[in-house]
Amino acid sequence: MLESSKNETNEETKEGNVEKKGMELKGFLDLTKFRLSQYNTLASYSMYLYYAPSFMLFESLIFLTATQLITMSSQAYNQTVEGDYDKKMRRTKNRPVARGLINKQTGGMISAGLALSSFGVYMQLANPGTILVANSIWIGYCLVYTPMKRWTVHNTLVGAIIGALPPFIGTFAQLGSLFTPETMLLSAYIFSWQYPHFYGILYENRADYKKAGYEMISNYDKDGVKATRHIKFSAILSLTTPLGMAYTGLMSPIFLPAYYYLYAQNLKAVKEFSEN
């Protein structure tokens, strides 16, 4: 009987440890926004692959790993320094630092560890100078954009520009230079959808953003007139950049009809935003 009770206790302990490890893993993935980081990594890799003389699996894995690590580091840093503000917003109150699942010291150590790891992996590339490009984007996001949200409404513009820079990492890794027509077109396209995406979130949660102390356009542009102008400008970019990508060969023209069908659907959402 005593032996049976001990076995049950051991089983419960094992189950508790497994559950704890699962929660720790989920907290890590949430802190680093693993899935969102993948999108940025793939945006970088698209240009890396485009300019590759041939597909090389090992080099591709090195680039993907390094870029994923530095992107996750930036997300971890952002959540760590904004934990106190995230607590005040319904949209972000369940983030791991805001909930107290990960303390700020641990969050900072995770961010630093990921960044340092990325440097080591980038050094294995044929062009280790890629570290400088990736690190510049990290600095822009973490040390420029993140604090700007506290003191100027222009933070959205800066954030949109920085968010559109990942393709330059892949281009530099392959060519050792930054500016090519294809890279600039892809970057412009990524820039074009950031205003509609973020403003949709912002205006739905504008009271929370204001309560948390963020300087956002919604604090002053309550009817969304200026925001609508920004979105319309973005719509023009979204309309024209795919044509440029098809012309340069970055995208096959066969995808244009499907793209513009979806584009027309998005215009309906823009109209609804301006009317509401």
Side-chain angles (χ1 to χ4, degrees), residues 30-33 35-37 39-40 43 71-100 102 104 107-108 111 136-166 187-238 241 266-276:
D30 288 344
L31 177 72
T32 58
K33 291 189 178 179
R35 185 175 296 179
L36 177 63
S37 296
Y39 296 146
N40 287 317
T71 306
M72 290 167 66
S73 170
S74 67
Q75 297 297 336
Y77 179 91
N78 178 269
Q79 286 198 44
T80 298
V81 300
E82 291 190 339
D84 292 337
Y85 309 122
D86 285 342
K87 293 177 185 177
K88 303 175 182 179
M89 299 173 59
R90 286 172 298 173
R91 177 175 168 265
T92 56
K93 67 181 182 181
N94 288 323
R95 288 177 175 175
V97 176
R99 288 179 61 190
I102 297 176
K104 289 189 175 183
S111 176
S136 296
I137 297 174
W138 189 98
I139 291 170
Y141 182 80
C142 296
L143 304 184
V144 178
Y145 166 65
T146 296
M148 277 186 75
K149 290 191 281 185
R150 312 293 305 166
W151 53 271
T152 175
V153 297
H154 299 301
N155 68 76
T156 306
L157 172 61
V158 173
I161 292 171
I162 294 170
L165 295 180
S187 182
Y189 176 73
I190 295 173
F191 175 88
S192 73
W193 58 257
Q194 293 197 60
Y195 271 110
H197 170 73
F198 179 67
Y199 280 170
I201 296 171
L202 173 62
Y203 275 83
E204 188 175 340
N205 301 278
R206 54 187 170 186
D208 272 1
Y209 275 95
K210 188 172 183 178
K211 181 176 67 175
Y214 289 111
E215 278 292 309
M216 294 295 173
I217 189 173
S218 56
N219 295 353
Y220 311 100
D221 180 36
K222 300 187 186 301
D223 296 329
V225 175
K226 289 183 179 179
T228 300
R229 286 205 296 266
H230 296 165
I231 291 174
K232 287 180 178 178
F233 170 75
S234 296
I236 294 172
L237 273 181
S238 296
T241 48
N266 288 335
L267 286 182
K268 295 179 182 177
V270 172
K271 184 180 179 183
E272 289 176 7
F273 178 89
S274 64
E275 291 175 348
N276 296 330

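Note that the coordinates shown come from a computational prediction; the quantities given were computed from them, not determined experimentally. Along the sequence shown, residues carry numbers from 1.
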Query raised in the report: Taking side chain as C-beta onward, heavy atoms only, is I162 less than 4.5 Å from I137?
Result: yes

Query raised in the report: How many angstroms lie between atom NE2 of H197 and atom CG of N266, to the nearest 0.5 angstrom?
Result: 12.5 Å

**Report entry** Side-chain donor-acceptor contact under 3.5 Å, Y220 with E215
**Finding:** yes

Query raised in the report: Do W193 and S234 come close enough that some side-chain heavy atom pair is under 4.5 Å?
Result: no

Query - Y85 atom OH, neighbour heavy-atom count above 12 within 6.0 Å - result: no

Report task. Answer yes or no: is there a side-chain heavy-atom contact under 4.5 Å between T228 and Y199? Result -> no

Query - All pairs passing side chain to side chain donor-acceptor pair (under 3.5 Å) where residues 143-152 contributes a residue, at least two apart - result: N78-T146, E82-K149

Query - Where L202 and S218 come nearest, the two heavy atoms and their spacing - result: CD1-OG, 3.4 Å

Query - Pair Y203, D221: side-chain N/O donor-acceptor within cut-off below 3.5 Å - result: yes

Report summary line: When rounded to the nearest 0.5 Å, the distance separating CD of Q79 from CD1 of I102 is 8.0 Å

Report summary line: For S111 and S73, the nearest pair of non-hydrogen atoms, with its separation, is O-OG, 2.7 Å

Report task. Kindly determine whether N155 and Y214 satisfy side-chain contact (heavy atoms from CB on, under 4.5 Å), including the steps that lead there. Result -> CA-CA 10 Å; N155 68 76; Y214 289 111; over 6 Å; no

**Report entry** Nearest-0.5 Å distance, NZ of residue K210 to CZ of residue R206
**Finding:** 10.0 Å

Report task. Would you indicate whether the side-chain heavy atoms of T241 and F191 approach each other to under 4.5 Å? Result -> no

Query raised in the report: Taking C-beta and beyond as the side chain, do M216 and V153 meet within less than 4.5 Å on heavy atoms?
Result: no

Requested in this report: Please check if any side-chain donor atom of S238 sits under 3.5 Å from a side-chain acceptor atom of S192, or the reverse.
Outcome: yes

**Report entry** R90 side-chain N/O to N205 backbone N/O, donor-acceptor pair under 3.5 Å
**Finding:** no

Query raised in the report: Which atom names give the shortest non-hydrogen contact between I190 and G163, and what distance separates them?
Result: CG2-O, 3.7 Å

Query raised in the report: Between Y195 and H230, how do the two ring planes meet: parallel, tilted or perpendicular, split at 30° and 60°?
Result: tilted

Query raised in the report: Between A188 and L237, which heavy-atom pair has the shortest distance, and what is it?
Result: O-CD1, 4.1 Å

Report summary line: Of all heavy-atom pairs linking Q194 and A164, the shortest is NE2-N, 3.4 Å

Query - Atom pair CG (N40) and OG (S74), whose distance is rounded to the nearest 0.5 Å - result: 7.5 Å

Query raised in the report: Are any non-hydrogen side-chain atoms of K87 and R95 less than 4.5 angstrom apart?
Result: no

Query raised in the report: P96 and D30: which non-hydrogen atoms are nearest, and at how many Å?
Result: CD-CB, 3.9 Å

Query raised in the report: side-chain contact (heavy atoms from CB on, under 4.5 Å) between V97 and L31: does it pass, once the steps are laid out?
Result: CA-CA 8 Å; V97 176; L31 177 72; 3.7 Å; yes

Requested in this report: Determine, step by step, whether K88 and D208 satisfy the side-chain contact (heavy atoms from CB on, under 4.5 Å) criterion, reporting the C-alpha distance in whole Å, the side-chain angles of both residues, the deciding distance to 0.1 Å, and the verdict.
Outcome: CA-CA 7 Å; K88 303 175 182 179; D208 272 1; over 6 Å; no

Query raised in the report: Taking S37 for the side chain and T32 for the main chain, is one N or O donor matched with an acceptor at less than 3.5 Å?
Result: yes

Report task. State plainly whether the residues K104 and D84 are in salt-bridge range, i.e. N to O under 4.0 Å. Result -> yes

Query raised in the report: What's the verdict on side-chain contact (heavy atoms from CB on, under 4.5 Å) for Y77 and T80, showing C-alpha distance, side-chain angles and the deciding distance?
Result: CA-CA 5 Å; Y77 179 91; T80 298; 5.7 Å; no

Query - Spacing of I236 atom CD1 and I231 atom CD1 [to the nearest 0.5 Å] - result: 12.5 Å

